[in-house]
Amino acid sequence: MEVRMNRALEILKERGFVQQCTDEAGLSAALDEGPVTFYVGIDPTGPSLHIGHMVPVFALRHMREAGNVGIALLGGGTARIGDPSGKTETRKMISYAAIDANAELFRKQLDAFVRFDDRTAFAANNKDWLANLNYIDFLREIGSHFSVNRMLSFEAYKIRMETGLSFVEFNYQLLQSYDFLELWRRHGCRLQIGGDDQWGNIVAGIELIRRVEGAECFGLTFPLIMTSDGKKMGKTEKGALFLDPSMTSPWDFFQYWRNVTDADVERFLLLFTFLPVEECKALASGDINAAKARLAWEVTAIIHGKDAADQAREAALAAFGGSGDIAKIPSRVMSRTEIAAGIGVLDLFVLAGLASTKSEARRLVQQGGAIVNDTRIEDEKATIDGRWIVEGALLLRAGKKRIFRIVVE
RNA sequence: GGGGAGAUUCCCGAGUGGUCAAAGGGGGCAGACUGUAAAUCUGUUGGCUAUGCCUUCGAAGGUUCAAAUCCUUCUCUCCCCA
């Protein structure tokens, strides 16, 4: 007999967010009693959030929608250490200055997505309490509650027993546990959510709070999102799918979702959009190709705004559908005299960013993937000049997926 | 502190004096097939002023006509002993 579950929790489950929970019934009851303050931690290890960071943040929005209070904890302190969880190798140490700069960038991106109001959602930085900890005091007060024997039994460390684990990284769990305790003390935070690789760290935090404060807290993890063909989610040819438009353009962002595997469409609609569950399911069971277009638009609109999403859609239609607005395709401007003088195809493709070196461009031509204005270029020595300009532009294609426009002025 | 193993191209991983820009696999890219999907097959995968030239096999030196391969020193990683 299924017990009635709290609505917020139920929504997360329905949408595929829940992987593990320390005490589902207990958490459900706590949520029923009233607003629960919860947190999600993100270490600012790079200059931009990427889509891999976002599942817990989407969950944060759902939870907040249901009336709970969400804290986005920037790991300005923990990033100085590096979390070994889920990694097979030691992460490179990052300079303090870079971490602080990253943290500020992350905070802005999160604010744009979450819209902190300092009441139902706000950001914190664990640098505030971790950076100046006294080592001896910390060992006595916190370290004494951790059993090395038990820590070693966690999966995250077992993996690293093979490849090596430095003492610095081994301490990460204590710091994250201390974060939870600190947030409990400061804000009455009772729930930590995060990716499933955080399970060990989350459980450790809950145990610490129980021992030190005698309070019962909860943990909830989300599945690590893989594409159905087993790859890490959100990877493009150029690397991760970043939220920063200067690192991953809205066009590339849109195309990523537009090209998702059939089997992932429903899951991604549920996780990365706010469309009602029924609608997600209906879309995915209908015209799958149309569902992908919808998915791409929705996610792009959420991250980059409706205008950017519209533009990306127009560009996609122009590039692949024969309609749409050709001007929205990624482009750059070149002078008419520059083109009129004639430019080698190889140089042109490199210039357009469709090939990173001339050798790559040459390969593209040799393999029949270089197309200018619907004409396949077969001679790598071909020169493109003024005669190629059509309606004030050149349209370059590298293979079937990559397209770029040179606007001539 | 002592002993052992190791560091190869985007990743894994062969190679132990010339035939090595370096096997094989993965990933990427392109072509065919398609639905801007998946699967499959094929080709390709350091750069360039290109039948040749330059850079690359942890770093710096050295031996040699010739080194990823041999010698020296250094840096880093892992394992075992203390």
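Chain letters run A, B, ... following the sequence lines, proteins first, then strands; residues in each count from 1.
- Backbone-only engagement by A:V260 is indicated by non-hydrogen atom pairs under 4.0 Å involving sugar-phosphate atoms exclusively.
- Comparing the P positions of B:rC54 and B:rA21 gives an interatomic distance of 12 Å, to the nearest angstrom.
- Between the side chain of A:Q367 and the base of B:rG43, at least one donor-acceptor pair of N or O atoms lies under 3.5 Å.
- Ionic pairing of A:D32 and A:R7 is not present here: no N-O contact between side-chain nitrogen and carboxylate oxygen is shorter than 4.0 angstrom.
- Partner assigned to B:rU56 is none, using Watson-Crick or G-U wobble distances below 3.5 angstrom.
- Across all strands, A:Q366 comes closer than 4.0 Å to no nucleic acid atom at all (heavy-atom distances).
- With P as the reference atom, B:rG46 and B:rG25 are 15 Å apart, rounded to whole Å.
- With a cut-off of 3.5 Å on both Watson-Crick or G-U wobble distances, the partner of B:rG43 is given as B:rC29.
- A straight line from OH of A:Y256 to P of B:rG28 spans 12 Å, rounded to a whole angstrom.
- The nearest whole Å value for the distance from the CZ atom in A:R267 to the P atom in B:rA38 is 15 Å.
- Looking at heavy-atom distances under 4.0 Å, A:R258 makes contact with a base.
- Between A:E360 and A:F254, the residue anchored nearer the 5' end of RNA chain B, judged by the nucleotide with its closest heavy atom, is A:F254.
- B:rU75 and B:rG26 are spaced 30 Å apart, taking the C1' atom of each and rounding to whole Å.
- Pairing for B:rG35 is absent, with no Watson-Crick or G-U wobble pair whose two atom distances lie under 3.5 Å.
- Shown here, B:rG1 forms a base pair with B:rC81; the pair counts as Watson-Crick or G-U wobble because both key distances fall under 3.5 Å.
- Pair assignment for B:rG24 gives B:rC12, based on Watson-Crick or G-U wobble hydrogen-bonding distances that are each under 3.5 Å.
- Across the protein-nucleic acid pair, A:R363 atom CZ and B:rG31 atom C1' stand 15 Å apart, rounded to whole Å.
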- Message: With ring pair (Phe, Tyr, Trp, His ring centres under 6.0 Å) as the criterion, how do A:W297 and A:F254 come out once you've worked through the C-alpha distance, each side chain's angles and the decisive distance to 0.1 Å?
- Response: CA-CA 7 Å; A:W297 188 87; A:F254 182 95; 8.9 Å; no
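- Rounded to an integer number of Å, the gap from A:K401 NZ to B:rA37 C1' is 8 Å.
- Straight-line distance from the CZ atom of A:R397 to the C1' atom of B:rC29: 17 Å, rounded to whole Å.
- The interatomic distance linking A:K400 (NZ) with B:rC29 (P) rounds to 13 Å, in whole Å.
- The aromatic rings of A:F274 and A:H62 lie tilted to each other, with the angle between the two planes from 30° to 60°.
- When the P atom of B:rA37 is taken as reference, atom CZ of A:F268 falls 16 Å away, rounded to whole Å.
- Taking a pair to require two hydrogen-bonding distances under 3.5 Å in either a Watson-Crick or a G-U wobble arrangement, B:rU69 remains unpaired.
- For the pair A:R397 and A:F404, the cation-pi criterion (under 6.0 Å, within 45° of the ring axis) is not fulfilled.
- Distance A:R402 CZ to B:rA30 C1': 9 Å, rounded to the nearest Å.
- Both tests do not hold together for A:R190 against A:F218: distance to the six-membered ring centre under 6.0 Å, angle to the ring axis within 45°.
- When both pairing distances are held under 3.5 Å, B:rU75 makes a Watson-Crick or G-U pair with B:rA7.
- When every heavy atom of A:Q176 is checked against every heavy atom of A:D83, the shortest pair comes out as OE1-OD2, 4.5 Å.
- Among the protein residues, A:K358 comes within range of the sugar-phosphate backbone only, with heavy atoms under 4.0 Å from sugar or phosphate atoms but none that close to a base.
- Considering only side-chain atoms of A:T357, the nucleotide from B:rU34, B:rC48, B:rA37 that sits closest is B:rC48.
- A:A355 comes within contact range of no nucleotide atom at all, as no heavy-atom separation falls under 4.0 Å.
- Ring geometry, A:F268 versus A:F272: the interplanar angle exceeds 60°, so the pair is classed perpendicular (tilted spans 30 to 60°).
- In terms of position on RNA chain B, the residue among A:G368 and A:A316 whose nearest nucleotide sits closer to the 5' end is A:G368.
- Rounded to the nearest Å, the gap between the C1' atom of B:rA32 and that of B:rA67 is 44 Å.
- Nucleotides B:rA7 and B:rG13, compared at atom C1', are 13 Å apart to the nearest Å.
- Between B:rU73 and B:rG4, the two P atoms lie 14 Å apart (nearest whole Å).
- Nucleotides B:rA38 and B:rG28 have their P atoms positioned 10 Å apart, rounded to a whole Å.
- Between A:T37 and A:I71, the closest heavy-atom pair is CG2-CD1, 3.7 Å.
- As rounded to the nearest Å, B:rU16 and B:rU8 have C1' atoms that lie 12 Å from one another.
- Among the nucleotides B:rA37, B:rC48, B:rG31, the one closest to the side chain of A:S359 is B:rC48.
- Set against B:rG35, B:rG31, B:rG47, the side chain of A:I288 has B:rG35 as its closest nucleotide.
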